[in-house]
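Order of listing sets the numbers, starting from 1, for every ligand and every atom in it.
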Amino acid sequence: MDASKVLKKHAFLRIDILTVRLYRSLMADESLGIKVERKNGERFRRALVDLKAFDPGRKICSDGSQIYLPVRELSEKEAEKLRLVADYDVVNFGFVPEEKILTPEDILGFRPSFEIVGDIAMIEDLEEGEAERVASALMSSSNSIKTVIAPISDVEGEYRTRRYRHVAGEERTTTTHKEHGLRYRIDLEGAYFTPRLGTERLRIASLVGPTDVVLDMFAGVGPFSILMAKRCRWVVAMDKNPVAVQYLRENARLNKVENIDILEGDANEIALRYQNAADHVIMNLPHSASLFLPAAIGAAKPGGIVHYYCISPEDDLYRDELLIREAAEKMSAGIEVLCESIVRSYAPHRLNVVIDFRVKKL
Ligand SMILES: C[S@@+](CC[C@H](N)C(=O)[O-])C[C@H]1O[C@@H](n2cnc3c(N)ncnc32)[C@H](O)[C@@H]1O
C-alpha cells in the first residue's frame, strides 16, 4: 500500500473512533458511579438511597461479577459510612439515562385537571378537540387509564348523580375503585361517588370502636358503610337510589362484609325504625342534611355522635351549628360540638365542611 493510502485509511479510522466516542458520550455521558461486587449490589443500593446519594436518573449497569451504581458526589463522611456496608470503588462510568416517562404536563404544556376513579379519568368538560388532546396525554402517560370521560351536567337531583360524555378509550362509566384496601364497583352515572372524601372516611373510621353501631343515612355505593363495617359491630346503611343500593349490596359481598343491614328508601322514614340505636350517625348529604336532623338525632343513642356534612360560604363556615342546636332543642335534646373542619373545597367561595356533635338526651 502506498503512503497516501495508509494516511487516508488512518484518517478514516480516526474519524470512526471519534464518531464512536461522540456517540457514546451522547448516549451515555460519563458520570460518577460506584463499583461493588454483585453480591453486595442491593445492600449498597439501599444504603445509597438512605443517604440520598443514589442517582435515579441513570440506569444501574453490571458486567459479570461487578455492579455499577450511579451516584452524586459523596462527602468524606458518607464515603466512610459506605465503607461499613461493603468494599467499593468510585469510578467514572458511561451510565445510560433512565427513560423519562412523559407526564401529561410534559405533553400538553399545562397541568390538566382530572380525577381518577378506578381505571376511569374524569376530566373537565373542555372544548371539542382540547378534551381529546387531554385524554390522549393522560392515556399515553398511564397504562392504568382505560377510559376518559367529561361531565356534561352538574351533580344534580335527589340521587346526586351526573351525566358524562365519552371522550376516549372504552365506552363505559362503570369501574372498580380501590380505597383503603377495599374494592368498590361503581357506575359513575348511576350513583354518586367521589374519591375526594377518602381521607374524611378514614377520619370517621378512626373514631369508630369495635362494639359500635353505625347508621349511614346516605350510603351511596357504600364507601363509608363498608369501611366502618370492617371496624365496628354493625352498620345500618340506606339510600333512596335503587342503583346505589344495588352497588352497595355488591360491594358488601365483594369485600366480605356481613355485619350490615342494607335498606332502600327515604332516610327520614327508615331512621325512625332505629330510635336511640346508633353510636355514630353519618349524614353525607351536604345540600340538604338539615332536613334530616330530627331523624338523625332520634337515631343517635344518648351520647352518640352525628357526623353532619354541609356546604357553606367561606365567611360563615359553621352556620349550620345553629340549625343543629334548634333541631336538638325541639326534641328536648342537647348537643356538644366535638369537631368542626373543612373537608374540601366545593365551588368558588363555598366549602364542604363537617360538624361532629354529640347528642345529649335526658
Ligand atoms: C352525596 S351522596 C353520598 C354517598 C356516599 N355517602 C358517598 O360518600 O359516596 C348522597 C346520597 O344520598 C342519597 N339520598 C338522597 N336523598 C336521600 C333520602 N331522602 N334518603 C336516603 N338517601 C338519599 C343519594 O341517592 C346519594 O347516594
Side-chain angles (χ1 to χ4, degrees), residues 115-118 120 122 151 153-163 173-180 182-205 208 214-229 235-252 254-255 257 260-274 278 280-296 298-299 306-312 320 343-344 346-347 350-354:
E115 221 166 72
I116 301 281
V117 176
I120 299 181
M122 297 184 289
S153 79
D154 286 334
V155 176
E156 60 190 10
E158 199 177 21
Y159 298 161
R160 311 308 297 148
T161 49
R162 212 166 186 186
R163 283 169 291 120
T173 51
T174 54
T175 187
T176 303
H177 183 75
K178 286 191 193 144
E179 188 178 280
H180 310 317
L182 300 165
R183 285 184 302 151
Y184 299 97
R185 287 291 301 154
I186 285 163
D187 178 354
L188 287 164
E189 251 184 2
Y192 179 92
F193 180 81
T194 176
R196 292 178 68 199
L197 293 177
T199 311
E200 176 60 14
R201 295 193 255 270
L202 215 50
R203 184 186 76 84
I204 303 295
V208 165
V214 175
L215 195 101
D216 188 359
M217 291 178 79
F218 313 104
V221 302
F224 276 96
S225 292
I226 288 170
L227 182 62
M228 302 311 142
V235 171
V236 180
M238 62 206 74
D239 202 286
K240 205 169 179 181
N241 177 357
V243 177
V245 171
Q246 179 201 322
Y247 277 96
L248 175 53
R249 290 191 203 285
E250 186 176 341
N251 290 331
L254 193 62
N255 293 289
V257 162
I260 187 166
D261 285 331
I262 297 173
L263 302 149
E264 183 185 324
D266 188 329
N268 263 341
E269 288 164 21
I270 296 173
L272 289 179
R273 296 182 228 152
Y274 293 89
H280 292 266
V281 179
I282 302 170
M283 299 185 73
N284 182 23
L285 184 62
H287 283 87
S288 45
S290 64
L291 303 176
F292 297 81
L293 275 167
V306 178
H307 309 280
Y308 175 96
Y309 297 90
C310 59
I311 307 290
S312 304
D320 276 30
V343 177
R344 58 174 175 151
Y346 182 77
R350 277 155 63 79
L351 295 143
N352 184 182
V353 303
V354 60

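Side-chain contact between V236 and I260 is absent, with no heavy-atom pair separated by less than 4.5 Å. Annotation: side chain of L188 is in contact with side chain of M122 (closest heavy-atom distance under 4.5 Å). Proximity of N284 to H307: side-chain heavy atoms (C-beta onward) are nowhere separated by under 4.5 Å.
Nearest to atom 16 (N) of ligand 1 by heavy atom, out of V221, N268, L285, is L285. When K240, E158, E269, M283 are ranked by how near their heavy atoms come to atom 22 (N) of ligand 1, first place goes to K240. Comparing N241, V245, D239, T161 by heavy-atom distance to atom 24 (C) of ligand 1, the nearest is D239. Nearest to atom 8 (O) of ligand 1 by heavy atom, out of V243, T194, N284, D216, is N284.
Within ligand 1, the atoms closer than 4.0 Å to a non-hydrogen atom of F224 are 6 (N), 8 (O), numbered from 1 in the order shown. Residue contact check: F292 has heavy atoms under 4.0 Å from atoms 19 (N) of ligand 1. Of all atoms in ligand 1, numbered sequentially from 1 with element shown, those under 4.0 Å from a heavy atom of D266 are 19 (N), 20 (N). Close approach to M217 involves these atoms of ligand 1, each under 4.0 Å from a residue heavy atom: 21 (C), 22 (N). The contact set between ligand 1 and Y159, taken as ligand atoms under 4.0 Å from a residue heavy atom, comprises 24 (C), 25 (O), 26 (C).
When the ring-ring contact (aromatic ring centres under 6.0 Å, His included) test is applied to Y159, no partner is found at least two apart in sequence or on another chain.
Looking at atom 12 (O) of ligand 1, its nearest protein heavy atom turns out to be F218 CB, 3.2 Å. Atom 9 (O) of ligand 1 has its closest protein heavy atom at P223 CG, 3.4 Å.
By the 3.5 Å distance cut-off applied to N or O atoms, A244 is not counted among the residues near ligand 1. In terms of N/O distances under 3.5 Å, ligand 1 is approached by R201.
Between K240 and E158 there is a salt bridge, since at least one side-chain N of the basic residue sits less than 4.0 Å from a carboxylate O of the acidic one. E200 has no carboxylate O lying under 4.0 Å from a charged side-chain N of R344, or vice versa, which leaves the two without a salt bridge.
Contact between G265 and ligand 1 is present, with at least one heavy atom of the residue lying under 4.0 Å from the ligand.
Of the heavy atoms in A267, both backbone and side-chain atoms come closer than 4.0 Å to ligand 1. Contacts of A191 with ligand 1, taken as heavy-atom pairs under 4.0 Å, are absent altogether.
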For this session: Under the side-chain contact (heavy atoms from CB on, under 4.5 Å) rule, what do H177 and R183 come out as? Steps first, then yes or no, please.
Result: CA-CA 6 Å; H177 183 75; R183 285 184 302 151; over 6 Å; no
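Looking at D187 and T173, their side chains do bring a donor and an acceptor atom within 3.5 Å of each other. Side chains of R162 and S153: no donor on one and acceptor on the other come within 3.5 Å.
Relative orientation of the Y309 and F224 rings is tilted, given thresholds of 30° and 60° on the angle between their planes.
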